[in-house]
Amino acid sequence: MIQFLLNDTVTEVQSASPSLTILEWLRTTTGKKGTKEGCATGDCGACTLLIGEEVTNNKGETYWQYKTLNSCLMLVGNAHGKHIITVEAVSLTQYPELEDLHPVQRAMVECHGSQCGFCTPGIIMSLLALYINNETYPGKTAVIHALGGNLCRCTGYNPILKAAEKAFEYDRAEEPWSAMAINFKESLLAAPQDNALPYLEDNQRKFYLPQTVSQLVELTATYPEASIVAGGTDFAIELSQHLLKPEVVISVSQTSELTQFSEKDGQFEIGAAVPYCDFVDVLCRTYPEAKELFERLGSTQVRNSGTLGGSLGNASPIGDPAPLLIALNATMDLQSVKGIRTIKVEDFFTGYRQTVLAADEVIAKISIPKRSESLKLACHKVSKRFEDDISTVCLILAVEHANNVITSARFALGGMAAIPARAPKMEAQLIGGRLDTKTFMKAGAVVEKDFSPMSDVRATANYRLITTQNLMQRIGYEFSQAIPVNNITTPSARISHASL
């Protein structure tokens, strides 16, 4: 059985499909149909919910944190112990007058931010998260990032942006949900624990939510064919698009050891189930060149649930984190009942969506080494859409130098082969060369010796090769300071939105 708080009601679920999403459960079981299905792939944001969970700060203090997630990508089983808030609970009055509405709702009405209304519930929830987490208006840029995962075909967005600002002009509305969540957590802890392992079952199909790594590896040993899931941002799409019906799903999203993140002496230890939103800001203080790469990795809702472990385990040749981790010489811990083995990320992939992961193993942790003082890092993602799109080419280059001469190079690309891979011929061409544009252009000229990319719906093979060469030329200009580079302490997008 799993338990969670739905608005103000403690909810228990025991019999349910392991592949059931919160979106489908809400609309078919609870009668709460304000949450809409627009795409079922996490792109449109119409199904956005507010999800609360208890977190602990650096001082050891616990509090409830609320963030947005796509309910079409969230499995019901992953809701255990959380607080789910739907659009029906935003206004506390059943038949409200204008003044009774929550400030984000009232602002949307007064600024004419809703037209057909289909996308509006998701937009309300994104604005609500922004409102809860900011005492004052955080500025237009923050609003655009918060709404980056919400599409609207009617308004042109300007009325919605105006509503986001106007919401902060009314008297402050304090959120009532944390108090409800605290009471729920206390009741959950006080209840007898007949089975400490949360689960769901649907005849022979099962969902397990291990709370410790020992529970996790015992389950993977018992069910080696089980589907392993973390945030579900890729897995749920497989369910909706390919109509998969896995017999056993094991979620690592609440496995305590896999949800830890730490930084010590410049080295990062990132649990495989840590959402991007919980480590990216800290990581990018050391590697600020990667900030844009992570900001373009899905929407806010996706980054609030997606994980490094999930991205690597998915083994996609166009997953954005893998080339970065390979270029930074990161390692990963693979764990089973036999113990832990540590490998380099670059050795993890063996073929298209194939890895060295044994049937009873799980990805436990990713370790990123300390940055050396001589490291220069370039991160470039080229895609058909600037935001919320997969890569056509993802190019990450890390070089070290002494006296303006390149002493080592780690060059990793995504989208150029069946796996994220290094470019040994291009690396060899760089080593020993000077930090000038000519060196990088020479390296770009040998790209065809490392890769024979395919043509697909995103780009032709020739486009990928030429793009790589052009990016190498750009990197040469940047590394040799022949052209100004964005201030890497606060990187901004190379493509600017008119609205920004």
Side-chain angles (χ1 to χ4, degrees), residues 7-8 32 34-36 38 44-53 63-71 83-181 277 281 295 299-304 387-388 497-500:
N7 296 330
D8 60 355
K32 297 185 184 304
T35 306
K36 308 300 183 186
C44 74
C47 71
T48 300
L49 296 176
L50 209 60
I51 306 294
E53 58 185 339
Y63 65 98
W64 280 80
Q65 180 185 70
Y66 290 87
K67 58 187 180 182
T68 52
L69 266 74
N70 293 306
S71 59
H83 189 183
I84 298 173
I85 302 174
T86 69
V87 69
E88 286 88 353
V90 178
S91 176
L92 301 179
T93 305
Q94 187 173 7
Y95 301 104
E97 299 292 334
L98 182 63
E99 294 77 12
D100 298 324
L101 293 173
H102 189 280
V104 298
Q105 294 174 309
R106 179 177 176 180
M108 283 284 283
V109 172
E110 294 189 338
C111 294
H112 306 285
S114 177
Q115 291 191 23
C116 82
F118 196 89
C119 64
T120 304
I123 290 172
I124 289 293
M125 302 314 286
S126 289
L127 290 178
L128 180 61
L130 189 77
Y131 186 90
I132 289 174
N133 295 314
N134 293 273
E135 290 288 335
T136 58
Y137 177 62
K140 193 174 183 180
T141 299
V143 173
I144 289 174
H145 281 298
L147 291 170
N150 295 89
L151 302 182
C152 178
R153 298 181 63 183
C154 300
T155 68
Y157 299 106
N158 197 47
I160 300 171
L161 296 177
K162 289 181 178 179
E165 182 174 8
K166 189 172 183 62
F168 289 89
E169 297 176 3
Y170 307 116
D171 291 339
R172 181 76 183 174
E174 297 303 324
E175 58 91 3
W177 299 292
S178 293
M180 301 178 192
C277 63
D281 286 347
E295 285 183 345
S299 62
T300 297
Q301 292 94 317
V302 169
R303 293 191 297 273
N304 283 343
E387 287 185 325
D388 201 11
H497 292 276
S499 56
L500 289 173

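Just so it is clear, the values below take in all heavy atoms, side chains as well, and ignore hydrogens, waters and symmetry mates. Values in this document were obtained by computation on a predicted structure and should not be read as measured data.
Using modelled atom types, one finds no donor on one side chain facing an acceptor on the other under 3.5 Å when comparing S91 with D100.
Judged purely by atom type and a 3.5 angstrom limit, T155 uses its side chain to pair as donor or acceptor with the backbone of Y157. Here the side chain of N304 pairs no donor or acceptor atom with the backbone of C277 at under 3.5 angstrom.
Between G148 and S299, the closest heavy-atom pair is C-CB, 4.3 Å. Between S114 and T120, the shortest heavy-atom distance links the atoms OG-OG1, 2.7 Å. Taking all atoms of both residues into account, the shortest heavy-atom contact from Q105 to V87 is NE2-O, 4.4 Å. Of all non-hydrogen atoms in A46 and G38, the two that sit nearest each other are CB-N, 4.3 Å. Nearest heavy-atom pair across I123 and M108 is CG2-CE, 3.9 Å. Nearest heavy atoms, P103 versus A167: CB-O, 3.5 Å.
If you take CG on L161 and SG on C111, they are separated by 10.0 Å, rounding to the nearest 0.5 Å. The CG atom of L49 lies 11.0 Å from the CG atom of L128; values are rounded to the nearest 0.5 Å. Note that CD1 of I144 is 11.5 Å distant from CD1 of I160, once rounded to the nearest 0.5 Å. In this structure, OG1 on T86 lies 4.0 Å from CG on N7, to the nearest 0.5 angstrom. Distance check: I132 CD1 to L127 CG gives 11.5 Å after rounding to the nearest 0.5 Å.
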Starting from the C-alpha separation in whole Å, work towards a yes-or-no answer on side-chain contact (heavy atoms from CB on, under 4.5 Å) for T68 and L50. CA-CA 5 Å; T68 52; L50 209 60; 4.2 Å; yes
Could you walk me through whether M125 and V104 pass the side-chain contact (heavy atoms from CB on, under 4.5 Å) test, one step at a time? CA-CA 9 Å; M125 302 314 286; V104 298; over 6 Å; no
Should L101 and V90 be marked as a side-chain contact (heavy atoms from CB on, under 4.5 Å) after you check the CA-CA gap, both sets of side-chain angles, and the distance that decides it? CA-CA 8 Å; L101 293 173; V90 178; over 6 Å; no
List the steps, then state whether side-chain contact (heavy atoms from CB on, under 4.5 Å) holds for Y137 with L130. CA-CA 9 Å; Y137 177 62; L130 189 77; 5.9 Å; no
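Ion pairing between E165 and K162 fails under the 4.0 Å rule for side-chain N and carboxylate O. Using a cutoff of 4.0 Å between basic side-chain nitrogens and carboxylate oxygens, K67 and E53 are scored as salt-bridged.
C119 places none of its side-chain heavy atoms less than 4.5 Å from the side chain of N150. Side chains of L92 and P176 form a contact here, defined as non-hydrogen atoms less than 4.5 Å apart. Here the side chains of I51 and I84 are in contact, with some heavy-atom distance below 4.5 Å. The shortest distance between side-chain heavy atoms of R153 and Q115 does not fall below 4.5 Å.
For E99, the CD atom is densely surrounded, since the number of other residues' heavy atoms within 6.0 Å is greater than 12.
The list of ring-ring contact (aromatic ring centres under 6.0 Å, His included) pairs with a residue in residues 99-131, not counting sequence neighbours, reads H102-Y131, Y131-F168. Legend: side-chain hydrogen bond (donor to acceptor under 3.5 Å, both in side chains) pairs involving residues 170-181, not counting sequence neighbours, sorted by first then second residue: E110-Y170, E175-S178.
Residues passing the side chain to side chain donor-acceptor pair (under 3.5 Å) test with T48, sequence neighbours excluded: Q301.
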